[in-house]
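Worksheet: one structure, shown below.
The structure displayed is predicted, hence computed values, not measured ones. Note that ligands are numbered from 1 as they come in the structure, with each ligand's atoms numbered from 1 the same way. In this chain, residues are counted from 1 in sequence order.
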Amino acid sequence: MKHTDVKQIFAQPDEFCGKQITVCGWVRTARDSKSVAFIELNDGTSFKNLQLVFDKEKVNENDIRTVSVVGAAIKAKGEVVKSEKNGCELNVNEITLLGECPGDYPLQKKRHTLEFLRTIPHLRVRTRYFEALFAVRDQLSHAIHGYFHRNGYKYVHAPIITGSDCEGAGEMFRVTTQPWDAKAKTEDEYYASDFFGKKAGLTVSAQLEGEMAAMGLGRIYTFGPTFRAEHSNTTRHAAEFWQIEPEVCFADIDDIIEIAEDFIKSIISDVLKNCPDEIDFFNTWVAPGVKDRLTDVLKHNFGRIDYTEAIEILKKSGKEFKYPVEWGCDLQTEHERYLTDEYFKKPVFVVNYPADIKAFYMKQNPDGKTVAATDLLVPGVGEIIGCSEREADLEKLKAAMLKRNMPLEAYTQYLDTRKFGSVPHSGFGLGFERAIMYITGIANIRDTLLFPRTVENL
Ligand code: 4AD
Ligand code: MG
């Protein structure tokens, strides 16, 4: 269907003024007066709606009435004219109804609650909130690829079906073709007759495959979906989320921290530059002050603190935490939020966590108690990045795995990276939706995904 994108018209109003064009889209609002009628049209290409103006002496009133229905899909032909309020608008002389929209269309009101919109994920993309979200999500994706491409990283695609649990937290979804009532005497026997002849699941992280790729390609990143069967019903956990995982050879923990900060700042500044209208929208309607906060973050260094010091700060805070704070405990969201929102008031890297609460692959520090790992915590969200230098010593790595009762034979290929030409290397995983929450101020991860998957919600 030959037509012009609304975005193009607003980008070059002088080019289009005085010209006859055709536009297509959905009716967002319609209003009427004695001699003229107006429709706000959105075609998904522009955050700004195009105003259609109908002179009732020129266009049949019945035709106008047929298309003046919120949610209807229409095609309009007319002349682009300058307008003080909107930059430009369309004086319509021909109108066609493409798809009618009956009265039970759920998006009749101007504003709806996010809770209500979560019940209609297939329609909520037609609201300004989700238009803004998906524009930012798209821009951020390009910014991420751009950053790594400019800096010489190879984009690799790790498998989604895998046999190894990278994080060792037992949160893998199983992948199987076995009938539900398959009989077996042992677990091994059960999986032996399954599709892969062994137990398989959806990846929780592309890291292990990423490390193997980096060991030949030097610097790589993955950007794909990851899955966790966590039963945490919180505002920041999804069962299916996207992760960005770079892996860098010849980089220690300090190098990777520098990279992570540069990367986060780079994608923030990209979004500020390329999505000004959407960021203004979030600043006005969703999280007042978010724009200044983002601009400000670019001007300062992120904080950096040892885990041990962080525990001291939390203990001295005088706060009544639900989860008590002791050296050795994992930081809960309430602890993370105190550090970022109240103490540092900016993003902060917490470094050198106790080995016992972290994954097997992290580099063991000389103190024998901690690992060269860091989480990046940010105001309003908490952890957005999990990061570490990897243990490059084969014997130390094996010892850490045995301590966690991991079957070494399931990781022979991974262990080969430490056997054949092992090198110091580091990497991190950024939760994409958590990054979006931080950048837009959106408070619930369910409002950052097209079709969110959470416990008991598919
Ligand atoms: O801290 P995590 O578990 O680290 C890893 O998976 C490492 N293998 C990454 C690496 O070094 N390559 O997860 C990384 C990030 C978290 O910081 C968080 O932002 C996000 O992934 N994340 C989740 N996001 C949404 N829902 C969940 N259930 C998430 N679990 C982790
Ligand atoms: Mg983590």
Side-chain angles (χ1 to χ4, degrees), residues 140 144 148 153 156 158 162 164-173 202-214 219-249 251 253 256-257 259-260 263-264 267 307 330-333 335-336 340 347-351 353-354 357-363 371-378 380-391 414 425-439 442 444-449 452-455 457:
L140 271 175
I144 288 163
F148 289 121
Y153 290 69
V156 301
T162 176
S164 54
D165 180 356
C166 170
E167 292 306 299
E171 288 160 350
M172 283 175 86
F173 284 100
L202 296 178
T203 186
V204 298
S205 159
Q207 179 191 326
L208 303 187
E209 292 87 357
E211 279 187 64
M212 296 185 239
R219 274 206 293 279
I220 64 93
Y221 73 104
T222 64
F223 186 170
T226 47
F227 308 85
R228 296 197 187 174
E230 279 172 296
H231 280 270
S232 2
N233 208 346
T234 77
T235 53
R236 33 172 244 162
H237 287 90
E240 177 174 330
F241 62 98
W242 284 65
Q243 221 185 134
I244 296 95
E245 297 186 271
E247 199 63 41
V248 190
C249 286
I253 185 78
I256 197 74
I257 285 177
I259 292 169
F263 164 66
I264 294 291
I267 62 173
Y307 167 87
D330 207 356
L331 296 185
Q332 303 294 326
T333 307
H335 307 137
E336 295 176 349
T340 52
V348 55
F349 288 102
V350 178
V351 194
Y353 280 84
I357 56 167
K358 288 290 183 188
F360 72 96
Y361 51 73
M362 297 177 176
K363 185 180 167 67
V371 282
T374 182
D375 282 356
L376 176 63
L377 316 180
V378 299
V381 182
E383 177 193 341
I384 63 166
I385 280 181
C387 172
S388 63
E389 181 170 343
R390 318 306 191 189
E391 181 55 71
Y414 182 68
H425 62 288
S426 304
F428 65 80
L430 168 70
F432 191 40
E433 288 73 21
R434 297 236 183 127
I436 293 171
M437 290 170 77
Y438 175 54
I439 290 170
I442 291 177
N444 195 320
I445 198 164
R446 291 165 183 77
D447 302 326
T448 65
L449 286 146
R453 270 80 177 91
T454 51
V455 194
N457 172 38

| said: At less than 4.0 angstrom from any non-hydrogen atom of Ser205, what atoms of ligand 1 do you find? | reply: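 Reading through ligand 1 atom by atom, the close ones are 6 (O), 8 (N).
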
| request: Using a strict 4.0 Å cut-off to heavy atoms of Tyr361, name the atoms of ligand 1 that fall inside it. | output: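 Checking each atom against Tyr361, I get 7 (C), 8 (N).
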
| Close N or O approach (Gln207, ligand 1; < 3.5 Å) |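 So ligand 1 has an N or O lying under 3.5 Å from an N or O of Gln207.
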
| message | Using a 3.5 Å cut-off on N or O atoms only, is Cys387 in polar contact with ligand 1? | response |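 N/O-N/O distance below 3.5 Å does not exist for this pair.
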
With the side chain counted from C-beta on, respond yes when [X] and [Y] share a heavy-atom pair under 4.5 Å apart, and no when they do not.
X	Y	answer
Ile253	Lys363	no
Ile436	Ile439	no
Leu430	Trp242	no
Val204	Thr226	no

Considering only the protein, which heavy-atom contact is closest to [atom], and what is its distance?
atom	answer
atom 12 (N) of ligand 1	Glu245 OE2, 2.7 Å
atom 19 (O) of ligand 1	Ile384 O, 2.8 Å
atom 11 (O) of ligand 1	Arg390 NH2, 2.9 Å
atom 26 (N) of ligand 1	Ala238 N, 3.0 Å
atom 18 (C) of ligand 1	Arg434 NH1, 3.5 Å
atom 15 (C) of ligand 1	Gly429 O, 3.6 Å
atom 28 (N) of ligand 1	Glu230 OE1, 2.7 Å

| request: Describe, in one word, how the ring planes of Phe223 and Phe432 are oriented to each other, choosing from parallel (under 30°), tilted (30 to 60°) and perpendicular (over 60°). | output: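 Judged by the thresholds at 30° and 60°, the geometry between Phe223 and Phe432 is perpendicular.
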
| Does Glu167 put an N, O or S atom under 2.8 Å from the Mg ion (ligand 2)? |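 Glu167 does not place any N, O or S atom closer than 2.8 Å to the Mg ion (ligand 2).
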
| said: Below 4.0 Å from ligand 1: does a non-hydrogen atom of Arg236 turn up there or not? | reply: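 Per 4.0 Å heavy-atom rule, Arg236 contacts ligand 1.
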
| Min heavy-atom dist Glu167 to ligand 1 below 4.0 Å |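 Heavy atoms of Glu167 do come under 4.0 Å of ligand 1.
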
| Glu383, N/O/S atom nearest the Mg ion (ligand 2) |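 Result for Glu383 and the Mg ion (ligand 2): OE2.
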
| field | Close aromatic pair by centroid cut-off 6.0 Å: Phe148 and Phe263 | value |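 That pair passes the under 6.0 Å test.
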
| field | Aromatic ring proximity, centroids under 6.0 angstrom, Tyr361 and Tyr414 | value |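 Tyr414 vs Tyr361: aromatic centres not under 6.0 Å.
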
Under 3.5 Å, is there a donor-acceptor pair between the [X] and [Y] side chains?
X	Y	answer
His425	Glu211	yes
Arg446	Thr448	no
Tyr221	Glu245	no

| message | Which option wins on minimum heavy-atom distance to atom 1 (O) of ligand 1: Arg228, Glu171, Gln243, Glu383? | response |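 The residue whose heavy atom sits nearest atom 1 (O) of ligand 1 is Glu383.
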
| said: Looking at non-hydrogen atoms alone, which of Tyr221, Tyr438, Phe241 comes nearest to atom 24 (N) of ligand 1? | reply: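 The nearest heavy atom belongs to Phe241.
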
| query | Using heavy atoms and a threshold below 4.0 Å, how should the contact between Ile445 and ligand 1 be classified: side chain, backbone, both, or neither? | reply |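 It is the side chain that touches ligand 1; the backbone stays farther off.
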
| said: By the definition side chain to side chain contact (heavy atoms under 4.5 Å, CB included), identify the one residue from Val248, Thr374, Ile256 that meets it with Ser426. | reply: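 Answer after filtering Val248, Thr374, Ile256: Ile256.
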
